[in-house]
Structure formats: C-alpha cells, structure tokens
Amino acid sequence: MDGIDALRDKYLAATAEAADEAQIEAVRLSALGKKGEVALLMRSLGQMSPEERQTAGPALNALKDDLNAALNAARVKLADAALDARLATEWLDVTLPSRPARQGTIHPVSQVMDEITAIFADLGFSVAEGPQIETDWHNFDALNIPGHHPSRAEMDTFYMARAEGDNRPPHVLRTHTSPVQIRHMLENGAPCRIIAPGRVYRSDYDQTHTPMFHQIEGLAIDRDISMANLKWTLEEFASAFFEVDKVEVRFRASHFPFTEPSAEIDFRCSWVDGQLRLGEGDDWLEAGGSGMVHPKVLEAAGVDPNRWQGFAFGLGIDRLAMLKYGIPDLRAFFDSDLRWLRNYGFPALDVPTLAGGISR
Ligand code: 2U9
C-alpha cells in the first residue's frame with residue numbers, strides 16, 4: 001500500500017511539473033505505458049495470494065484512475081493556457097470598415113449600345129440578334145453581294161477554316177450585322193421595325209480600325225416607308241443621343257450593294273477648340289450609311305418587293321462612343337486595362353466608394 005501511495009505522489013508531482021504536451025505524454029508512458037511502473041505492478045497481481053490481491057487490485061485500479069484524471073486535467077489546463085495566450089495577443093477590431101470591394105464597371109461601348117437601343121425603342125424599334133459566325137449566303141449573297149463582287153474583298157473578311165476535302169463555301173465572321181435583318185425577315189416577314197446591334201469583324205487594324213468593332217443597323221419595312229422617314233428617324237436619334245434640341249441630317253449620294261438609292265449620313269456639327277458640338281455650325285460629321293433596301297435583298301429575305309419597301313441604315317457604335325465621351329484612340333477601347341479611361345472622365349467609371357472612406 002505504501003508503495004502505491006508513493007507511486008501516486010511521484011506521478012502526480014511529475015504531472016504537475018509537466019510543461020507541455022510531450023512531457024505529459026512522457027509521464028503517462030512511464031506510469032501507465034505497457035512497461036510503465038503501474039502496469040508492471042498490475043502484472044504482479046498474478047503472483048499474489050488471493051487476500052493480498054483483494055486489497056492490492058482495487059488500490060492499483062484507483063491509482064490508475066487517479067493518474068489518468070490528473071493527466072487529462074493537465075492537458076486541459078495546457079490547452080486553456082494556450083488559448084488564453086492567443087486571446088491576449090490576437091484580436092480583431094470588429095469596428096473597422098470593410099475593405100472596398102473591387103467593383104466592375106460597364107464598358108463605355110456597352111453603355112453607348114444601351115443608350116442607342118433605348119432611343120430606338122422609344123421610336124418603336126425592337127432589338128434583333130443573330131450569330132456572329134455566319135454563312136457566306138446570309139453575310140453576302142442575300143445582301144446582293146455576289147461571289148465575284150469587289151466588296152467581298154474590300155470587307156477584309158475572316159473566313160473559318162474547313163476540314164480537308166470539305167469544299168462547301170466557308171463560314172465567315174460576320175462583317176456587318178445585316179445578316180441579322182435577313183434572318184429576321186425570313187422568319188417574321190414584313191412589316192418590321194428592328195435594330196441589330198452587335199459585334200462585327202474585319203481584318204483591319206490602325207488608329208481608326210480594330211478587327212472587332214460594334215455596329216448598330218436599323219431596318220423599317222412597310223407599305224410606303226420612304227427616305228423622308230429615314231431622315232426624320234436619324235434626326236430624332238442624333239438629337240436624343242447627343243442631348244441637343246435638334247441635329248440636322250444631311251444625305252450624301254453613295255453606293256452600297258444592299259440599298260438603292262444609297263446615302264452617307266452626316267450630322268451638322270462644329271468644332272470649337274477641339275470640342276465637338278452637335279447640331280450647330282457649318283461642319284458635317286460622317287456618322288454612317290443608309291438607303292432604301294434593294295429589291296433583290298427583300299426578295300432574298302422572302303419579302304415581296306412589289307408589296308413592301310423600307311429603309312436601312314448602319315452606324316458605328318465605337319466612333320459614336322468616342323465622340324460622345326471624347327476618347328481619341330479606338331484601340332484603347334479593347335485594351336484589357338480600362339483605368340486610363342477615367343482620365344477622360346467617363347462617368348460610368350466613377351464608381352462609388354465608402355462614405356468618407358478609402359478611395360482607389
Ligand atoms: C439589310 C439591308 C440593308 C445597312 C446599311 C450601311 C449603309 C453602312 C456602315 C456604317 C458605319 C458600316 O460600321 S460602319 O462602318 N454601314 O454604311 N449599312 S446601309 O443596310 C442594310 C442592312 C440590312 C437587310
């Protein structure tokens with residue numbers, strides 16, 4: 001018995017002195033491990049007389065329980081102390097403002113596309129869309145641009161590759177959004193009032209040309225639509241887009257395979273100290289092209305040219321965005337880094353920051 005009490009004292013003292021998890025484990029092994037002192041005593045129970053065993057057995061079990069309890073308590077104490085130490089050094093100021101979220105901003109071209117779409121919606125035009133990879137029939141033939149026509153070459157078309165031995169005409173990246181109107185007429189017939197905004201592609205790259213750019217085309221087909229309706233529509237559009245009372249439109253005779261007659265669209269403007277002013281002055285801003293839809297185009301699109309007629313026009317969205325927001329180089333629109341656009345005060349890029357807080 002004395003021996004058991006002495007072991008208890010010895011290991012309780014060692015447990016109390018253990019300073020970390022490893023030392024606690026070392027105490028446990030030397031007392032309760034397979035070859036530990038308590039385990040050896042347990043094994044000696046076999047050689048004892050039944051009377052001795054009756055007292056030594058329960059005393060040894062009690063010793064084991066006491067040591068296990070003391071070791072567990074020491075572990076918990078250590079963990080609590082570690083947590084206290086962390087709580088004393090690591091802390092969180094929950095009153096700090098959050099970091100400003102990096103916010104996306106609408107691209108100037110997308111914004112202008114939305115503005116233009118809204119203006120034409122007010123004039124009764126709905127939006128039509130179509131594929132950017134087109135058949136050469138929808139992109140060219142249906143628009144009265146036959147295979148030998150020079151404007152196929154002029155348009156610097158991107159042709160999709162065909163598999164070896166596949167001699168069908170290649171698909172193309174659409175060079176204008178006109179095939180959208182062809183598809184719309186084939187599906188819905190006449191009358192119609194639609195605009196087709198979207199991406200178009202031509203193999204061209206300099207200060208005023210990018211291989212991908214944006215167009216908006218309009219089409220109005222009815223029984224007696226005329227160039228006068230076209231002029232009024234364009235004047236309404238220009239004054240709404242440039243936010244001035246009235247912008248006069250001038251037509252200049254032109255030629256496109258898909259319209260007859262055809263006209264270039266100019267808006268009256270002036271340049272004062274390098275600033276563009278719409279609707280006043282003696283200058284003319286070239287804005288796009290237009291005309292009455294060619295009878296052959298109506299026919300290709302399944303619309304009877306003896307019953308229906310209408311106008312079509314095309315405007316370059318990127319240039320309109322540059323003019324409205326004073327951006328000098330078209331190529332910069334399609335760089336991935338738009339931070340510089342803030343230099344030009346593009347309003348959609350002025351994202352809100354935290355009140356009185358950190359600005360980027
Ligand atoms: C159909 C019939 C006719 C659309 C037209 C133009 C003239 C034109 C240019 C403007 C600037 C292209 O982006 S740009 O370089 N477009 O000059 N577009 S008439 O004529 C159509 C369209 C569809 C069915």
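Only heavy atoms go into these numbers, but all of them, side chains included; no hydrogens, no water, no symmetry mates. Note that the structure is a prediction, hence the values are computed from the model and not measured. In listed order, ligands and their atoms are each counted from 1.
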Q.
I want to know whether Phe313 and Phe120 have ring centres closer than 6.0 Å.
A. yes
What does the contact table look like for ligand 1 (nitrogen or oxygen on each side, cut-off under 3.5 Å)?
from, atom 1, to, atom 2, distance (Å)
ligand 1, 13 (O), Gln215, NE2, 2.9
ligand 1, 17 (O), Gly289, N, 3.3

Q) So, Arg193 and Asp222, do they make that salt bridge, N to O below 4.0 Å? A) yes
Q: Over 60° means perpendicular and under 30° means parallel, so classify the ring planes of Phe267 and Phe242, tilted if in between.
A: perpendicular
Q) Between Glu217, His176, His138, which is the residue that forms a side-chain hydrogen bond (donor to acceptor under 3.5 Å, both in side chains) with Gln181? A) Glu217
Q: Answer yes or no: are there more than 12 heavy-atom neighbours, outside Asp224 itself, under 6.0 Å from its atom CG?
A: no
Q | Pair Thr175-Asn139, side-chain donor/acceptor within less than 3.5 Å | A | yes
